[in-house]
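Everything below concerns the one structure shown next.
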Amino acid sequence: MNAVRLAVQLWLPVILLVVGLIELFLIPLLGGRRRRVRRMTVRGVILLTLISMVSIFTEVLEAPIEYRMANLFGNGIVFRIDMLSLTFMIFAALIFFTVSLYTAVDIKGCGRERSFYMFFMITYMATLGTLMAGDLLSFFLFFEIMTFASFALMVHERGQKVIEAGSIYIYYGIAGGLSILAGILVLSAYTQNYEWITLGQKFGEIGVVKYVSAVFFIVGFGIKAGMVPLHHWVPVVYPKSHLSVNALSSGILMKIGGYGIVRLIISVLSSTKGQQETNVTTILLTLKGIGAVVIWVGMITMIFGVIAALEQEKMVRMLAYHSVSQMGYVIMGIGVTAYLGFDGAMGFAGSIYHMINHGIFKALLFMVAGVVFFRTREKNMYKLGGLYRKMPFAAIVGLIAVFGITGMPLFNGFASKSILHHAIIEAYEYGHPVFRWAEYIFTFVSACTAASFIKLYSHVFLGPMPEKYKYVKEKYNIGTIGMGALALFIIIIGIFPSFIMDYTIIPSARALEFNPYFIEKYLVSMNFFNTKDLNSMLVVYSAGFVIYIAGMKFNLFHFHLPKQLDPESDYYRNFYTKSGEWIRSIFRKLEQFITTSDVFIYGVMLLLLIILLFSFL
C-alpha cells in the first residue's frame, strides 16, 4: 500500500494526464446507445483523479511535489504541486464531477454528445495542468488549451446567436492569452527563467519594466476572471450557453484567472528570500503600488457587477453579472495581499476561501436556474412565481445557495466574506486611511447582493403562481444528486468554517513568505461567529431589504444602460453577426473533417500524444 502511495506521489502529474488521455481515446468509441457508459467513464475518471489527489494530501502538506520533463519543448516542463495548487485541483475535480452529473440532464437531446464530453474532459485536463504548472510556459500552454476547449463547450448548441456570443468569448480569450504571453516574454527576458519560484529574483532590479509585465499579467488573468472593464464576455456568453457550462465556468474556470494573479504575487514575495535588503524594499514598494490599484479595480468590479445584476430581468444574466461582482471580492482580496506584502495573509486567505465558496454556491445557483427553465421554459423572473409549491427541492437548495452568496451566518459565504472584510480593515489600519471608503463600498455591495437575491427568490419561488405553471411537476434525476451535494457543501462549510482554513489555507500561507505573526494572530483559531461580524451581517440584510423595497416601489430595477455599455444591444449586432459567420464556417469545416475521419483520427492522434508523453519520462 505504501509503495502504491509513493508511486502516486512521484508520478501524479503524469498519471492524471495519461488517465485523461485514455478517457479521450474511449469517448469517440462509445457512441450511439452506449451514451450511459460514456457518461459513467467520464465521471469515473474524474472521481479516480480526485481520489489520487486526495491520497497525496499529507505528503504535499510536508513538502511540494515536483516533476520535470527536462527535454520537452526545449526548456522542459515543470509540474509543481504545493498546498495552494492541490487545494484548487481537488476543488476543480469536485466542481467538474458535480457538473458532470448535471450535464446528463442539461445536454440531453441536444446532439453531438461525444463532442461535448471530449471538450469537457480536455477542459478538465487543461485545468489540472494549469494548476500543476510549475513554470510560466507550461502554465500558458494549459491555460490556452483550457480557453479553446471551454469555448467549444460554450458554443455547443451551434445556433447563430450562440456562435455570435461565442465569438466574443474567443476574442477575449485570445487577447487574454496574448497578454499573458507578453508578460512572460517581458519578464523572462530579464530573469532568464520561466519558473514561478524564481519569478521575482530580479524583479526589484528591472525598473519600469516590472510595471509593464504586471499590467500584461493582470489584464490577461483579469479577462478570465471577469474583471471590469474586461468582463464584457460574461453577460454575452452565459445567456447563450448550456447551464452546466455556466456552472462550470463560474464555478472553477473564472477562478483560474484569480489563481493566476495570486500565484504571480506570492511567487514574487517568495523569491525575495535571500535577496539584498534594498531589492526586497523595492519589490515590496512595487507590490504595494500594484496592490493599491488592484484593490480599487476589485471595488469597481464589485460595484458595477452588483448594480448591473439588480437591473436584470432574466435569471441567467443576473447570475452572470453576479459572477463578475463576486470575482470583484476576490480581486480586492488579492489586491490587499499585494498591498500589505508579507503582512497580507488575511487578503490571501479571504481571496482563496471566497473563490472556493463562490464556486460552490454559484454553480448551484446556475443549476437551480436551469431546472426552473427546463420545467417552465421561462428565464424571466418577473414572469414566474410561487414555484416552491411545484418544485420544493429546487426551492430548498436555491434558498441554501442564496444564503451562501449573501453571507448568511452558518452558510459558507459568511466565512469568506468576513475574512475579506477583515482584510480591507487591515488595509487601512496597516496601510492608508483612504481604504476606509473601500470598507463602506464593501458593505454597500453586500447589501445590494442581498437585495438582488431577495428579488430573484421572491419572484421565482414565492408569491402568486401564474396559471400556466399550474401543472408543472418537479423531476428528480442524477442532476438532483449533484445539486444536493453542492447544497450540502454550503451547509457543512458554513457550520464548520475552520475546517478549510485549518487544513488548506493556513498551511498554504505558512508555506509562503507571509509574516508568521499575522498568521498566528489573525488566522489561527479565528472566531467566525463573533458579535461584530454577526452584527455587520444584520446591517447588510437590513439594508438589502430596504434597497429591495425601494427598488420595487420606485421602479428602480428597470434602468437600462446606454447602448454602448450594453453588450447585448443592437449597437454590436453587425460585429456579432460577422464574427459568428466566420466562426461557424470554421466549425463546419472542422466537424466535416471529424465526421469523415471520426474514430481513426481520434485514436491515432491520442496514441501519438501518449507515445510522445512517455518518450520524455
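- Remark: the Tyr169 side chain and the Thr147 side chain contain no N/O donor-acceptor pair separated by less than 3.5 Å.
- Annotation: the span from Thr127 atom OG1 to Met132 atom CE amounts to 10.5 Å, rounded to 0.5 Å.
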Checklist entry - side chain to side chain contact (heavy atoms under 4.5 Å, CB included) between Ile180 and Phe217: does it pass, once the steps are laid out? => result CA-CA 5 Å; Ile180 293 170; Phe217 279 119; 4.2 Å; yes
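- A donor-acceptor contact shorter than 3.5 Å links the side chain of Ser55 to the backbone of Ser52.
- Residues Arg39 and Leu101 have side chains not in contact (no heavy-atom distance under 4.5 Å, counting atoms from C-beta outward).
- Atom-to-atom distance recorded for Phe148:CZ and Ile122:CD1 is 13.0 Å, nearest 0.5 angstrom.
- Val162 approaches Val155 most closely through the heavy-atom pair CG1-CA, 3.5 Å.
- Aromatic ring orientation, Tyr321 versus His231: tilted (interplanar angle from 30° to 60°).
- Considering every non-hydrogen atom in both Gly494 and Pro497, the closest pair reads O-CD, 3.5 Å.
- At a threshold of 4.5 Å between non-hydrogen side-chain atoms, the residues Ile352 and Phe88 count as touching.
- Between Phe514 and Ala345 the shortest heavy-atom distance is CD2-N, 3.7 Å.
- In this structure, a donor-acceptor pair under 3.5 Å is absent between the side chains of Tyr238 and Ser323.
- Remark: the backbone N or O of Asn412 is paired with a side-chain donor or acceptor of Asn357 at under 3.5 angstrom.
- For residues 348-362, the set of pairs meeting the salt bridge (charged side-chain N to carboxylate O under 4.0 Å, His left out) definition, not counting sequence neighbours, is empty.
- Using a 4.5 Å cut-off on side-chain heavy atoms (C-beta onward), Ile223 and Trp233 make contact.
- Checked against a 6.0 Å centroid threshold, the rings of Tyr329 and His358 do not count as neighbours.
- Looking at Thr337, its side chain does come within 3.5 Å of a backbone N or O of Phe348 through a donor-acceptor pair.
- Judged purely by atom type and a 3.5 angstrom limit, Lys379 has no side-chain atom pairing as donor or acceptor with the backbone of Ala369.
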Next on the checklist: Does Leu94 form a side chain to side chain contact (heavy atoms under 4.5 Å, CB included) with Thr98? I'd like the steps, not just the answer.
Outcome noted: CA-CA 6 Å; Leu94 287 171; Thr98 52; 5.7 Å; no
Next on the checklist: For a side chain to side chain contact (heavy atoms under 4.5 Å, CB included) check, start with the C-alpha distance between Leu319 and Phe453, then their side-chain angles and the critical distance, and finish with the verdict.
Outcome noted: CA-CA 10 Å; Leu319 294 177; Phe453 280 96; 3.8 Å; yes
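- With 3.5 Å as the limit, one finds no donor-acceptor pair spanning the side chains of Thr41 and Tyr117.
- Here the straight-line distance linking atom CE of Met315 with atom CG of Leu243 works out to 8.0 Å at 0.5 Å rounding.
- Taking OH of Tyr124 as the start and CE of Met146 as the end, the distance is 14.0 Å to the nearest 0.5 Å.
- No donor-acceptor pair closer than 3.5 Å links the side chain of Ser250 to the backbone N or O of Ala247.
- Glu144 CD to Leu181 CG: the interatomic distance, rounded to the nearest 0.5 Å, is 8.0 Å.
- Between Ala401 and Leu364, the shortest heavy-atom contact is CB-CD2, 3.8 Å.
- Atom CZ of Phe499 has 12 or fewer neighbouring heavy atoms from other residues, nucleotides or ligands inside a 6.0 Å radius.
- A donor atom on one side chain and an acceptor atom on the other are not found under 3.5 Å apart for Asn246 and Ser249.
- With Ser179 contributing its side chain and Gly176 its backbone, the two residues share no donor-acceptor pair below 3.5 Å.
- No side-chain heavy atom of His242 sits less than 4.5 Å from a side-chain heavy atom of Thr103.
- Annotation: side chain of Thr87 is in contact with side chain of Ile356 (closest heavy-atom distance under 4.5 Å).
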Checklist entry - Would Tyr102 and Met483 count as a side chain to side chain contact (heavy atoms under 4.5 Å, CB included) if you check the C-alpha gap in whole Å, the side-chain angles of each, and the deciding distance to 0.1 Å? => result CA-CA 8 Å; Tyr102 191 78; Met483 294 169 65; 4.1 Å; yes
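- The aromatic rings of Phe120 and Phe96 stand perpendicular to each other, their planes meeting at an angle above 60°, with 30° marking the opposite boundary.
- Residues Met526 and Met346 meet the side-chain proximity criterion, which asks for heavy atoms closer than 4.5 Å.
- Here the CD1 atom belonging to Ile184 is positioned 5.0 Å from the CG atom belonging to Leu136, to the nearest 0.5 angstrom.
- Counting heavy atoms from C-beta on, the side chains of Phe143 and Lys224 come closer than 4.5 Å.
- Without hydrogens or angle criteria, Ser270 side chain to Ser267 main chain gives no donor-acceptor distance under 3.5 Å.
- The two residues Val237 and Ala165 come nearest to each other via the heavy atoms CG2-O, 3.4 Å.
- The six-membered or imidazole ring of Phe119 lies away from that of Phe151, with a centre-to-centre distance of 6.0 Å or more.
- Contact check for Phe528 versus Ser498: side-chain heavy atoms found under the 4.5 Å cut-off.
- For Phe139 and Phe221, the ring centers are positioned less than 6.0 Å apart.
- Judged by distance alone, the side chain of Thr480 and the main-chain N or O of Tyr476 form no donor-acceptor pair under 3.5 Å.
- Between the Asp82 side chain and the Pro64 main chain, no donor and acceptor come within less than 3.5 Å of each other.
- Judged by distance alone, with hydrogens and angles left aside, the side-chain atoms of Glu474 form a donor-acceptor pair with the main-chain N or O of Ala394 at under 3.5 Å.
- Val245 and Met154 get closest at one heavy-atom pair: CG1-SD, 3.7 Å.
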